[in-house]
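First up is the structure itself, then whatever we jot down about it.
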Amino acid sequence: MARTESRMIDLGTRAPDFSLPDPSTGKTVSLDDFPQAKGYVVAFICNHCPFVQLIRHEFARFGREYTDKGLAVIAINSNDADNFPEDSPEKMQDDARRFGYTFPYLFDETQAVAKAYDAACTPDFYLFDADRKLVYRGQFDDCRPGSNVPVTGKDLRAAADALLQGTPIPQDQKPSLGCNIKWKA
């Protein structure tokens with residue numbers, strides 16, 4: 001696995017719009033589908049990456065908790081499914097069901113959305129406020145495969161809690177670390 005850090009794009013960057021299919025529901029999803037959202041979590045994940053596999057149960061829990069608190073949580077898989085069939089839309093459906101994803105898990109077949117977000121790795125997390133301005137980008141928490149650090153989501157949770165409470169977002173934002181996005185040739 002190629003250990004790749006997320007790119008720490010500028011805070012205040014506006015969330016790029018997208019419209020992508022959710023293989024589990026057959027529906028197309030966009031940010032506009034969440035007009036009452038207090039904020040937006042956009043996460044680039046996939047099925048086969050060990051970094052994602054390590055956090056997926058806790059990320060599913062995060063999704064349930066923070067959707068109930070008013071955040072829109074959206075996961076996107078931008079990997080090349082032709083060369084990485086474990087990341088195919090059919091396998092995405094399986095993972096969404098097995099791990100209890102209650103949020104949309106979208107397929108970015110053209111990889112245009114990953115490029116628009118300047119996503120580099122899986123997992124890669126972005127938190128936008130209600131005006132779709134970036135307030136957090138970086139890691140879920142300090143856990144890594146083989147580190148024996150518990151998976152808590154503390155970094156993303158701290159940022160989401162601050163956003164929802166109207167308090168300053170933590171400025172100590174660390175890049176995510178994961179597998180590189182599997183780009184098409």
Side-chain angles (χ1 to χ4, degrees), residues 6-47 52 55-78 89 92-93 95-119 122-141 151-174 176:
S6 60
R7 297 181 182 107
M8 301 294 277
I9 64 173
D10 292 337
L11 295 173
T13 298
R14 183 156 173 80
D17 291 324
F18 57 80
S19 184
L20 293 171
D22 183 338
S24 294
T25 65
K27 295 180 181 176
T28 299
V29 176
S30 73
L31 294 175
D32 291 336
D33 292 331
F34 306 92
Q36 304 302 317
K38 297 175 183 175
Y40 303 82
V41 173
V42 178
F44 289 85
I45 66 171
C46 68
N47 296 348
V52 175
I55 68 161
R56 61 185 164 198
H57 286 288
E58 189 60 29
F59 182 56
R61 182 178 297 116
F62 173 93
R64 290 188 295 274
E65 290 175 23
Y66 285 85
T67 297
D68 288 347
K69 294 178 181 184
L71 291 182
V73 177
I74 302 162
I76 300 172
N77 172 12
S78 298
M92 290 171 63
Q93 289 176 23
D95 266 22
R97 181 185 41 74
R98 284 185 22 212
F99 300 104
Y101 295 170
T102 56
F103 46 82
Y105 184 21
L106 311 178
F107 186 51
D108 178 20
E109 183 175 12
T110 68
Q111 303 182 315
V113 176
K115 290 174 184 171
Y117 277 76
D118 205 15
T122 57
D124 208 347
F125 296 96
Y126 301 82
L127 174 63
F128 299 90
D129 66 15
D131 295 324
R132 299 185 188 171
K133 301 286 184 182
L134 185 67
V135 297
Y136 177 84
R137 73 286 195 243
Q139 68 179 11
F140 192 57
D141 59 27
V151 182
T152 63
K154 71 177 179 66
D155 293 63
L156 185 58
R157 285 177 186 278
D161 288 341
L163 175 66
L164 292 169
Q165 295 163 5
T167 59
I169 307 295
Q171 293 301 298
D172 182 24
Q173 299 183 12
K174 299 173 188 167
S176 188

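In this text, all values refer to a predicted model and were calculated from it rather than measured experimentally. One is the number of the first residue; the rest follow in order along the sequence.
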- By side-chain contact (heavy atoms from CB on, under 4.5 Å), which residues pair with Ala119, not counting sequence neighbours? Phe44, Ala114, Asp124, Tyr126, Ile181
- Task: Can you sort out the partners of Glu109 under salt bridge (Lys or Arg N to Asp or Glu O under 4.0 Å), two or more places apart, ordered by chain and number?
- Result: none
- side-chain contact (heavy atoms from CB on, under 4.5 Å) filter on Lys69, not counting sequence neighbours, yields Tyr66, Asp161, Leu164
- Task: Start with the C-alpha distance between Val73 and Phe59, add both sets of side-chain angles, then the distance that settles side chain to side chain contact (heavy atoms under 4.5 Å, CB included), and finish with yes or no.
- Result: CA-CA 10 Å; Val73 177; Phe59 182 56; 4.0 Å; yes
- Message: Restricting to non-hydrogen atoms, name the atom on Ala162 and the atom on Pro168 that form the minimum distance, rounded to 0.1 Å.
- Response: CB-O, 3.4 Å
- Item | Derivation of the side chain to side chain contact (heavy atoms under 4.5 Å, CB included) call for Leu163 and Ile169 | CA-CA 6 Å; Leu163 175 66; Ile169 307 295; 3.9 Å; yes
- Item | Any residue meeting side-chain contact (heavy atoms from CB on, under 4.5 Å) with Ala130, in chain and number order, not counting sequence neighbours | none
- Looking at side-chain heavy atoms only, is the closest gap between Tyr40 and Leu71 below 4.5 Å? no
- Item | Selection residues 163-173 - residue pairs positive for side-chain hydrogen bond (donor to acceptor under 3.5 Å, both in side chains), sequence neighbours left out | Arg137-Gln173
Under 3.5 Å, side-chain donor or acceptor atoms of residues 97-106 against the rest of the protein: list the pairs with distances, not counting sequence neighbours.
unit_1 : atom_1 : unit_2 : atom_2 : d
Tyr105 : OH     : Asn47  : OD1    : 2.8

- If every non-hydrogen atom of Pro21 is compared with every non-hydrogen atom of Pro23, which pair is closest and at what distance? O-CD, 3.4 Å
- Can you name the one residue among Val41, Val42, Leu31 that meets side-chain contact (heavy atoms from CB on, under 4.5 Å) with Phe128? Val42
- Which value, rounded to the nearest 0.5 Å, describes the distance between Ile45 atom CD1 and Ile74 atom CD1? 12.0 Å
- Can any side-chain N or O of Asp108 pair as donor or acceptor with the backbone N or O of Ser78 at less than 3.5 Å? no
- Hey, does the side chain of Asp95 reach the backbone of Met92 with a donor-acceptor pair shorter than 3.5 angstrom? no
- Which residues pass the side chain to side chain donor-acceptor pair (under 3.5 Å) test with Ser176, sequence neighbours left out? none
- Task: List for me each residue that meets salt bridge (Lys or Arg N to Asp or Glu O under 4.0 Å) alongside Lys27, sequence neighbours excluded, and say none if there are none.
- Result: none
- Taking every non-hydrogen atom, the tightest pair across Tyr117 and Pro16: OH-O, 2.8 Å
- Verdict with supporting geometry, Val29 and Leu20, side chain to side chain contact (heavy atoms under 4.5 Å, CB included): CA-CA 5 Å; Val29 176; Leu20 293 171; over 6 Å; no
- Stepwise, does the salt bridge (Lys or Arg N to Asp or Glu O under 4.0 Å) test hold for Arg157 with Glu58? CA-CA 11 Å; Arg157 285 177 186 278; Glu58 189 60 29; 2.7 Å; yes
- Task: Can you sort out the partners of Asp131 under side-chain contact (heavy atoms from CB on, under 4.5 Å), two or more places apart, ordered by chain and number?
- Result: Asp129, Lys133
- Query: Who pairs with Gln111 by side chain to side chain donor-acceptor pair (under 3.5 Å), at least two apart in sequence or on another chain?
  - Reply: none
- Task: With sequence neighbours left out, write down each residue that passes salt bridge (Lys or Arg N to Asp or Glu O under 4.0 Å) with Lys115, or none if nothing qualifies.
- Result: none
- Rounded to the nearest 0.5 angstrom, the CG-CD1 distance for Asp141 and Ile55 is 7.0 Å
- Task: Would you list the pairs meeting side-chain hydrogen bond (donor to acceptor under 3.5 Å, both in side chains) in which at least one residue belongs to residues 7-26, sequence neighbours left out?
- Result: Arg7-Asp118, Asp17-Arg132
- Whether Ser6 side chain and Met8 backbone form a donor-acceptor pair below 3.5 Å: no
- Message: Show, in sequence, the C-alpha distance, side-chain angles and deciding distance for Asp155 and Tyr136, and conclude whether the side chain to side chain contact (heavy atoms under 4.5 Å, CB included) test is met.
- Response: CA-CA 9 Å; Asp155 293 63; Tyr136 177 84; 3.4 Å; yes
